[in-house]
Amino acid sequence: MNHYPMIQTAGENCLIVYVAEQSGPDVANRIAALLPTLREVFGRYLVDVTPSYNSVLIQYDCLQIDHFQANALLRQALNQPQQSTNLAGKLVELPVFYSEQSGPDLSALAQRAGLSVQEVIDIHQAQEYRVYAIGFAPGFAYLGEVDARIAAPRLATPRKRVPKGAVAIADRQTAVYPAMSPGGWNLVGLCPTPMFNPHSEPHMPVQVGDRVRFVAISQAEFVDLGGDLSQLAGGIS
Amino acid sequence: MFVVTKPGMMSLLTDAGRFGQAGLGLTQGGPVDPFAFELANHLVGNEVPTTTLEVTLGGLQLEVRQDALISVTGAPLPLTIDGQGQPLWQSIRVKAGSLIDLGMQTAGLRTYLAVQGGFDITPAFGSTSTVLREGIGGLEGSKLKAGDKLPVGSVAAQGRLRKLPASAIPDYPQELTAHLIPAYQYEAFSATSRAIFFSSTYQVSNQADRMGYRLQGASVPCSISSMLSEGIALGAVQVPADGQPIVLLNDRQTIGGYPKLGSVLSLDCARLGQCRPGAQIQFELISLEQAHNLLMLHHARQQRMLTNLEELDE
């Protein structure tokens, strides 16, 4: 029987703390609240912090403090009463142009679920998602949990080119591809909102702990909002 | 200013790395061989490491447009200035108009070229380190191209000529024992799996780059079939379903969901990153305390080396 929070070694200068065994909105709240406390308690000994679903990786300066001190600081941070303000994160609406042209896996998802394409689209935008983690690529936000009816495994053969802004589902996660990249998630639409902009602050519309709701838009609205239809020329293969 | 006349296979502008941005999904980047990178800087008098070039697989040629003090360290390769052979691991004066040429490495993989004052590049997310996968850092996120202009930072006083004693120059063996700190899911690997891992010799595959080194050898079985993605430390040894370990390096993904045996000591990550496909790797388990001892010893040795650089006559 493991006790949480559980602290483990992750490397010569890294500790990982598992806040709970599983992920979930409560766990996401606790992780979001822990981050500022960690920065405050570790101060200049903190090199980087990587929050994820149920864990936080803490990289410390191991030439300044050893792992006993790092462990003690981490325990101190975990024991500190967390600021309870704004834990639920902000609500961000992301517009999506759902169509079989912009979401080439919609019909396969519908078929798999025994639903119509429109029902898949309705289910995808019916709920609020939490931002559980950001990683893989700059601005790639892992959102959960997708309704079990439209959850689907990754493609057997990943696509070489997933368009920028592609809204996708893998298992019970959903995400927006911040840039054109290879990828094996099931594509259901396109979002015109830039998910990562290195030249503006903030760089991302969402951060870990925020809530996201997808809102269907038409092709014309997609273009009005700055979406790039040229990516669809020749179809998404 | 320096102008790139031949970019080589992969020459990247880099500083010490990008830290504090993992929350945005940005990886650490930075020099794969921090010792060679830091020495290159010290030899030209940059006490705080500045923007330097990491040259993988050689082939870089630069035209010098201003008098400067440079040094080249790391994996050995033929270095010429206007056709004259020059030593590595020491500072060299170059005159405006001369041509610096780096050939192909004769051992190892990555060579560093530093200039007094550093290359004057605008940082992105607090760092100039180029990460090609992210398209961030350096000059618009890409590797050097022919015609690129590299401005040199201002210099307060002319630097002195210094060299690292020959006895301190590292070698770049293609066989190494990497020290592994047990971490992450180590306990979830069976005793048999661990015995296989520590008793086998692995070969560096063709899929070996700044992101990670995929190894080939005895398959390491793991009972974990699915887990939640979590933050990845430098040197983490990830074991996917095929049981072939991957050692994750500077440009690794920030989070990942494969089980990990532990993390390789950073000093060995640097040596591994100088290995080419076909190199033979073995692993040896060390405790975290032993790892910290090795790091402290290395740090002390490097500090002593920096204060004892040989001064050269002009």
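Worth saying up front: this structure is predicted, and the values here are computed from it rather than measured. Note on naming: letters A, B, ... go to the chains in the order of the sequence lines (proteins, then strands), and numbering restarts at 1 for each one.
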message = Between B:Ser129 and B:Asp15, do the side chains contain a donor N or O and an acceptor N or O under 3.5 Å apart?
response =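 Distance-only check passes for B:Asp15 and B:Ser129.
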
key: Which of B:Leu294, B:Thr27, B:Leu265, B:Leu288 touches chain A most, by non-hydrogen pairs under 4.5 Å   =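 Result: the option with the highest number of such pairs is B:Leu288.
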
key: Top contributor to chain A contacts, counting heavy-atom pairs under 4.5 Å, from B:Ile181, B:Thr254, B:Leu24   =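 Looking at each of B:Ile181, B:Thr254, B:Leu24 in turn, B:Leu24 comes out on top.
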
inquiry  = So, taking the atom named CD1 in A:Ile16 and the one named OG in A:Ser55, what distance separates them when rounded to the nearest 0.5 Å?
reply    =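 One finds 4.0 Å between CD1 of A:Ile16 and OG of A:Ser55.
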
ask   = When heavy-atom pairs shorter than 4.5 Å are enumerated against chain B, which of A:Ala179, A:Pro51, A:Pro198 gives the highest number?
value =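 Ranked by contacts with chain B, first place is A:Pro198.
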
request  = Please assess B:Met305 against B:His42 for the test side chain to side chain contact (heavy atoms under 4.5 Å, CB included), listing each intermediate value before the final yes or no.
outcome  = CA-CA 10 Å; B:Met305 229 182 256; B:His42 268 270; over 6 Å; no

[X] portion near chain B, given a 4.5 angstrom heavy-atom threshold:
X        : answer
A:Ala137 : backbone
A:Gln22  : both
A:Glu201 : neither
A:Cys14  : side chain
A:Phe136 : backbone

inquiry  = Please classify the contact of B:Leu234 with chain A as side chain, backbone, both or neither, using a heavy-atom distance under 4.5 Å.
reply    =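 Neither part.
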
ask   = Is any side-chain N of the basic residue among B:Asp209 and B:Arg133 closer than 4.0 Å to the acidic one's carboxylate O?
value =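 So B:Asp209 does not pair with B:Arg133 through a salt bridge.
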
ask   = According to the interplanar angle, ranging from 0 to 90°, do the rings of A:Phe196 and B:Phe125 count as parallel (below 30°), tilted (30 to 60°) or perpendicular (above 60°)?
value =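 Taking B:Phe125 first and then A:Phe196, their aromatic rings lie parallel (interplane angle under 30°).
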
